[in-house]
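This chain uses plain numbering: 1 for the first residue, then up along the sequence.
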Amino acid sequence: DTNLSAVQDKTTNLTYDSGKTTITGIFDTNSCDVGISATNTVLGKNCGYSISSATNNCIYGYNSGKLITSGSKNTVVGTWASNGVTSSYYGTALGYSANVGESCTAIGAQTTASYQSTAIGRSSNASGKNNTCIGYQAGQGYISGNNNIYLGNASTSSLYCNTSTILALSDERDKLNIQNLNEDID
């Protein structure tokens, strides 16, 4: 049962003892839910509220992960973080209203990362698959697309680097099944 009950004494010490795990601390029980269930750890008002079959999740913050019912191995930290997500696996959402899909990382307020994507920076949006967005509002303004890297937002005017060349990986350390050609070159 994900809705665990605890006993509060007059000094606001809250103790929960399931026989396997004991949580002791000082909590405001009018605004904080504490629970451990099926290897999930939750701390915060309404966080993890809808969990039914989800396992191995750590969810912290007011209304964070509120709609998650299934999924596993997620780390959700921040007020309203992953609040619209119902199922996710291997996701990391850190920040106010950060949202993640499967195998994603979203760091920063109001960031979104879809399948196998990474979004770092406030309001960055890594939609699609295997996208990386770094910077304030990075990735905003594109609807979909896969395998892209976005640095900065629409206001970015220059990209600086210590080298003027970006090289594609193209040698035997990066390739499989390399075969010699049997043809002569003139």
### Query
For L159 and L151, what are the C-alpha separation, side-chain angles and deciding distance, and is it a side chain to side chain contact (heavy atoms under 4.5 Å, CB included)?
CA-CA 8 Å; L159 176 64; L151 299 175; 3.9 Å; yes
### Message
Determine whether N130 and N146 satisfy the following criterion, side chain to side chain contact (heavy atoms under 4.5 Å, CB included), listing intermediate values before the conclusion.
### Response
CA-CA 6 Å; N130 195 32; N146 301 323; 5.8 Å; no
#### Entry: Pair S72-N56, side-chain hydrogen bond (donor to acceptor under 3.5 Å, both in side chains): steps then yes or no
CA-CA 5 Å; S72 66; N56 300 312; 5.3 Å; no
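At a threshold of 4.5 Å between non-hydrogen side-chain atoms, the residues R122 and Q110 count as touching. In this structure the side chain of L67 never reaches within 4.5 angstrom of the side chain of V85, judged on heavy atoms. Taking 4.5 Å as the limit, every side-chain heavy atom of Y49 sits out of range of all side-chain heavy atoms of V42. Put simply, the side chain of C47 does not reach to within 4.5 Å of the side chain of K66, judged on heavy atoms.
Atom CD of Q140 is separated from atom OG of S127 by 8.0 Å, given to the nearest 0.5 angstrom. Interatomic distance, OH of Y115 versus OH of Y89, reported as 12.0 Å (0.5 Å rounding). N63 CG to N83 CG: the interatomic distance, rounded to the nearest 0.5 Å, is 5.5 Å. In this structure, CD in Q116 is found 11.0 Å from OG1 in T132, a value given to the nearest 0.5 Å. The structure places CG of N99 at 7.5 Å from OG1 of T111, a figure rounded to the nearest 0.5 Å. Between atom CG of residue N40 and atom OG1 of residue T55 there is a gap of 6.5 Å, rounded to the nearest 0.5 Å.
The two residues N74 and Y90 come nearest to each other via the heavy atoms OD1-N, 3.5 Å. The shortest non-hydrogen separation linking A98 to A93 is O-CB, 3.6 Å. Of all heavy-atom pairs between N148 and G145, the closest is ND2-C, 3.6 Å. Here the shortest heavy-atom pairing between S64 and G78 reads CB-O, 3.3 Å. Between G101 and S88, the shortest heavy-atom distance links the atoms O-OG, 3.1 Å.
Under 3.5 Å, the side chains of T92 and T75 contain no donor-acceptor pair of N or O atoms. Side-chain N/O atoms of T112 and N125 include no donor and acceptor closer than 3.5 Å.
Not one N or O on the side chain of S117 forms a donor-acceptor pair closer than 3.5 Å with the backbone of A113. With N153 contributing its side chain and S155 its backbone, the two residues share a donor-acceptor pair below 3.5 Å. No side-chain donor-acceptor contact under 3.5 Å links N131 to the backbone of A126.
Test V77, V100, V76 against L94 for side-chain contact (heavy atoms from CB on, under 4.5 Å) and you get one pass: V77.
Within 6.0 Å of CD1 on I149 lie no more than 12 heavy atoms contributed by other residues, nucleotides or ligands.
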